[in-house]
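In this text the structure is predicted, and so the values were computed from the model without any measurement.
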Amino acid sequence: MSLSMKSSKLFILLVALALLAGCGGESESPAEPTVVQAFMADPEAVARGGALFAGTCAGYCHSRLPGNSDAVFLFDCEWIHGGSDQEIFDTVTVGVPNTRMVGFGSNFPEGDDDLWKIIAFIRTNQQACS
């Protein structure tokens, strides 16, 4: 068998496998939005997150504008303590040892939902990341 014939058979086999991999019978449904994505789609939730951010986060440490501060700027793409929604949630909940970042626990008026709304507000207003 010639090399080109072997290559053709290999190509056909790979195409067939690719087609089979895409044919699972049932179509996959889109993934459910995360709690933050759901709040980002709700203007009232984002507004509440903004008000909470202004009164809690910006009122003491974090600015909405980059500048000279010992508090981390939260609207860029650089995260020191983890940038996933869950990592942000955990950092705000337990705080950061040896810094001014105290843990808030679930001490927001609407508990954890309020913290997720703050994260949704930050994500909604975050600079474009490349």
Quiz item: Do F39 and E44 pass the side-chain contact (heavy atoms from CB on, under 4.5 Å) test, and can you show the C-alpha distance, the side-chain angles, and the key distance before you say yes or no?
Solution: CA-CA 8 Å; F39 283 142; E44 289 180 21; over 6 Å; no
Kindly give the heavy-atom pair with the smallest separation between [X] and [Y], and that separation in Å.
X: A38; Y: P33; result: N-CB, 4.3 Å
X: A45; Y: K117; result: O-CB, 3.6 Å
X: L74; Y: I122; result: O-CG2, 3.3 Å
X: D76; Y: Q126; result: O-NE2, 2.8 Å

Under a single-linkage definition using a 4.5 Å side-chain heavy-atom cutoff for Ile, Leu, Val, Met, Phe, Trp and Tyr, are [X] and [Y] assigned to the same hydrophobic cluster?
X: V102; Y: I88; result: yes
X: I118; Y: L65; result: no
X: V72; Y: V94; result: no

Once you round to the nearest 0.5 Å, how far does [atom1] of [X] lie from [atom2] of [Y]?
X: I119; Y: E87; atom1: CD1; atom2: CD; answer: 11.0 Å
X: W116; Y: M40; atom1: CH2; atom2: CE; answer: 13.0 Å
X: C57; Y: F104; atom1: SG; atom2: CZ; answer: 6.0 Å

Practice problem: Decide yes or no on side-chain contact (heavy atoms from CB on, under 4.5 Å) for T56 and F108, but give the supporting numbers first. | Solution: CA-CA 9 Å; T56 305; F108 294 99; 4.1 Å; yes
Self-check item: Pair R123 + D85, salt bridge at N-O below 4.0 Å
Solution: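 Salt bridge between R123 and D85, a charged N being under 4.0 Å from a carboxylate O: yes.
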Quiz prompt | Backbone of P66 reached by a side-chain donor or acceptor of S63 within 3.5 Å | solution =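 No: the side chain of S63 does not pair with the backbone of P66.
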Quiz item: How about F75 and F53: are their ring centres within less than 6.0 Å of each other?
Solution: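 That pair passes the under 6.0 Å test.
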Quiz item: Would R48 and D114 count as a side-chain contact (heavy atoms from CB on, under 4.5 Å) if you check the C-alpha gap in whole Å, the side-chain angles of each, and the deciding distance to 0.1 Å?
Solution: CA-CA 8 Å; R48 179 166 176 81; D114 275 346; 2.6 Å; yes
Practice problem: Report the C-alpha separation of V92 and M101 in whole Å, then their side-chain angles, then the decisive distance to 0.1 Å, and conclude whether the side-chain contact (heavy atoms from CB on, under 4.5 Å) test is met. | Solution: CA-CA 8 Å; V92 175; M101 181 64 207; 4.2 Å; yes
